[in-house]
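Remarks on the structure that follows.
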Amino acid sequence: MITLSNIHKSFGPQEVLKGIDLTVDQGDVVAILGPSGSGKTTLLRCVNFLERADEGQVQISGLTVDCKHARKHDIVQLRRKTAMVFQHYNLFKHKTVLENVTEGLIIAQKRSKADARTRALHVLEQVGLSDKINAYPSMLSGGQQQRVGIARALALNPEVILFDEPTSALDPELVGEVLAVIRNIAREGITMIVVTHEMGFAREVANRVVFMDGGSVVEEGAPEEVFSRPQQERTRQFLSRYS
Ligand code: ADP
C-alpha cells in the first residue's frame, strides 16, 4: 500500500537518508527503531512531504509522487492520505478539544460542522476523552493532549497514520495510557508507521520492525525475529542497551 523507493535526504553537507526502500502493507503496524540521529523522524516526515526528499519516490495507495519534481497538487493529494501524530502534540492552544478535532475535517475535508462534530465525538470517545470535549489543551495532562492528537489524526480516516515518537515528551507515568490508545487503534487494522523508543510496545504491537542506523535500514523483520535473533551487529548493540 505504501512504497518508499530510494529516499535520499541531505541537510547541507550531511546526508541523513542514504537511499531508503520500504514497503508497508495495508493494516501493517511498522515500528521504526534506531539510535538518535539515525534519520527516523526525517524519513517519517518525507512520507508526507513535511520534508521534501532530494531523490526517490513516495507511493501511497495508487498515487506515486516523485520527491524531486513533486508539485503542490501532488503533495496536497498525498497529504490527504496521511495523518501525523507529533511528539509535542501540536494542538491549537486557543481551541477546545472538540475544535482541535473538527478543524481538519471542516477545513481540509470540507465537511459540514454537524458532520465534523459527530465524527469528532466518535473518535474522542475512542481515545477516552468524551468528558473533555470543551477543555482547552492547557487544562489537560500531556497524555490527554496526545490522545487529542491521536483523535485528530484518526478523525481524518487516513490511509496511514504516521506517529513521530508519540510518547517521548511524556512523563513516564503518562506513557501507558497513550500506548494503550495506539494499541487499540492498531487492533482496528489501521495502517501505522511509528517511530518509537518503546521497545516493549514495538515488540507487542508492531507486526514489522525496521531498524535504522546512519541513514540506512540495517535490518527489518517480524518483531520476534529482530528482537530475539537480530542478524546485524549494530542491531544487537542497540537492543542490548534496552534489555
Ligand atoms: P532520529 O529521528 O533518528 O533521531 P532525525 O531524523 O531527527 O533522527 O535526524 C537525523 C539527522 O538529521 C540529525 O543529525 C539531525 O540533527 C539532522 N536534522 C534533522 N532535521 C534537520 C533540519 N531541519 N536541519 C538540519 N539538520 C537536521
Side-chain angles (χ1 to χ4, degrees), residues 2-12 14-25 28-60 67 78-79 82-90 146 149-150 153 158 160-170 175 178-179 182 186 190-223 225-227 230-243:
I2 301 175
T3 307
L4 307 180
S5 316
N6 194 32
I7 301 290
H8 284 263
K9 176 72 183 172
S10 296
F11 292 110
Q14 188 192 6
E15 193 177 17
V16 171
L17 299 176
K18 299 178 180 169
I20 304 276
D21 295 308
L22 187 67
T23 306
V24 178
D25 289 329
D28 269 355
V29 177
V30 176
I32 303 185
L33 313 177
S36 185
S38 55
K40 305 180 297 294
T41 292
T42 304
L43 178 65
L44 200 70
R45 291 168 64 86
C46 284
V47 175
N48 64 356
F49 281 71
L50 283 182
E51 295 289 353
R52 184 192 278 256
D54 303 321
E55 227 181 286
Q57 283 187 337
V58 177
Q59 187 177 346
I60 305 182
C67 298
L78 192 80
R79 285 199 181 138
T82 73
M84 195 155 195
V85 174
F86 298 90
Q87 189 176 354
H88 295 288
Y89 334 128
N90 291 20
Q146 189 57 297
I150 294 169
V160 58
I161 303 184
L162 309 170
F163 291 85
D164 185 11
E165 301 195 26
T167 60
S168 59
L170 296 172
V175 169
V178 171
L179 293 181
I182 300 175
I190 297 170
T191 311
M192 302 182 182
I193 307 177
V194 188
V195 172
T196 185
H197 291 286
E198 296 289 338
M199 297 301 140
F201 172 81
R203 192 170 190 150
E204 182 203 344
V205 179
N207 67 319
R208 269 179 62 216
V209 167
V210 173
F211 174 70
M212 283 181 68
D213 195 11
S216 301
V217 172
V218 172
E219 183 161 355
E220 63 177 297
E225 285 168 27
V226 176
F227 283 106
Q231 301 296 307
Q232 302 296 327
E233 183 53 31
R234 280 192 282 175
T235 319
R236 275 196 283 276
Q237 275 180 11
F238 175 78
L239 292 176
S240 69
R241 279 183 247 147
Y242 286 90
S243 56

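In this chain, numbering begins with 1 at the start of the sequence shown. These numbers were taken from a predicted model, which means no experiment stands behind them.
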Test side chain to side chain contact (heavy atoms under 4.5 Å, CB included) applied to Asp213 and Gln232, step by step = CA-CA 11 Å; Asp213 195 11; Gln232 302 296 327; over 6 Å; no
Residues at least two apart in sequence or cross-chain that pass side-chain contact (heavy atoms from CB on, under 4.5 Å) with Gln57, listed by chain then number, are Ser5, Thr64, Asp66
Euclidean distance, Ile193 CD1 relative to Met84 CE, rounded to 0.5 Å | 9.5 Å
Residues Val160, Val24; criterion side chain to side chain contact (heavy atoms under 4.5 Å, CB included); working and verdict = CA-CA 10 Å; Val160 58; Val24 178; 5.8 Å; no
Would you mind telling me which of Lys40, Met212, Met199 makes a side chain to side chain contact (heavy atoms under 4.5 Å, CB included) with Leu33?
-> Met199
For Phe163, enumerate each residue passing the ring-ring contact (aromatic ring centres under 6.0 Å, His included) test, keeping only those at least two apart in sequence or located in another chain.
-> none
Calculate, to the nearest 0.5 Å, the distance between atoms CG and CD belonging to Asn90 and Gln146 respectively.
-> 9.0 Å
Stepwise, does the side chain to side chain donor-acceptor pair (under 3.5 Å) test hold for Asn6 with His8?
-> CA-CA 6 Å; Asn6 194 32; His8 284 263; 3.0 Å; yes
Who are the side-chain contact (heavy atoms from CB on, under 4.5 Å) partners of Ala83, not counting sequence neighbours?
-> Ala153, Leu156, Pro158
Closest contact, heavy atoms only, Ser38 versus Pro35 = OG-O, 2.7 Å
Taken in chain and number order and not counting sequence neighbours, the residues that satisfy salt bridge (Lys or Arg N to Asp or Glu O under 4.0 Å) with Asp164 are none
So do Val209 and Phe227 actually touch side chain to side chain, heavy atoms under 4.5 Å?
-> yes
Specify whether Phe211 and Phe238 have parallel, tilted or perpendicular ring planes, treating 30° as the upper limit for parallel and 60° as the lower limit for perpendicular.
-> tilted
Would you please name every residue forming a salt bridge (Lys or Arg N to Asp or Glu O under 4.0 Å) with Arg236, sequence neighbours left out?
-> Glu233
Reported CG-to-CD1 distance for the pair Leu43 and Ile7, which is rounded to 0.5 angstrom | 7.0 Å
Using side-chain contact (heavy atoms from CB on, under 4.5 Å) as the criterion, list what pairs up with Val205, not counting sequence neighbours.
-> Val29, Arg183, Ala186, Phe201
Distance, nearest 0.5 Å, that separates CG of Leu22 from CG of Leu4 | 5.0 Å
Mind checking side-chain contact (heavy atoms from CB on, under 4.5 Å) for Ser10 and listing every partner two or more places apart, or none if nothing turns up?
-> Glu15, Asp54
How many angstroms lie between CD1 in Ile20 and OG1 in Thr42, if you round to the nearest 0.5 Å?
-> 10.0 Å
Just jot down the side chain to side chain donor-acceptor pair (under 3.5 Å) partners of Asn207, sequence neighbours excluded, or say none.
-> Asp28
Could you walk me through whether Cys46 and Val58 pass the side chain to side chain contact (heavy atoms under 4.5 Å, CB included) test, one step at a time?
-> CA-CA 8 Å; Cys46 284; Val58 177; 5.7 Å; no
Closest heavy-atom pair, Val226 versus Gly221, reported as atoms and distance to 0.1 Å, is CG2-N, 3.6 Å
Provide the closest heavy-atom pair for Gly149 versus Val85 in the form atom of the first, atom of the second, distance.
-> O-CG2, 3.9 Å
CD of Glu198 to CZ of Arg203: how many Å apart, nearest 0.5 Å?
-> 14.5 Å
Only counting residues at least two apart or in another chain, list the ones meeting salt bridge (Lys or Arg N to Asp or Glu O under 4.0 Å) with Glu220.
-> Arg208
Residue list, side chain to side chain donor-acceptor pair (under 3.5 Å) with Glu51, at least two apart or on another chain | none
By side chain to side chain donor-acceptor pair (under 3.5 Å) - contacts of Thr235 (at least two apart) = Glu219
Any residue meeting ring-ring contact (aromatic ring centres under 6.0 Å, His included) with Tyr89, in chain and number order, not counting sequence neighbours = none
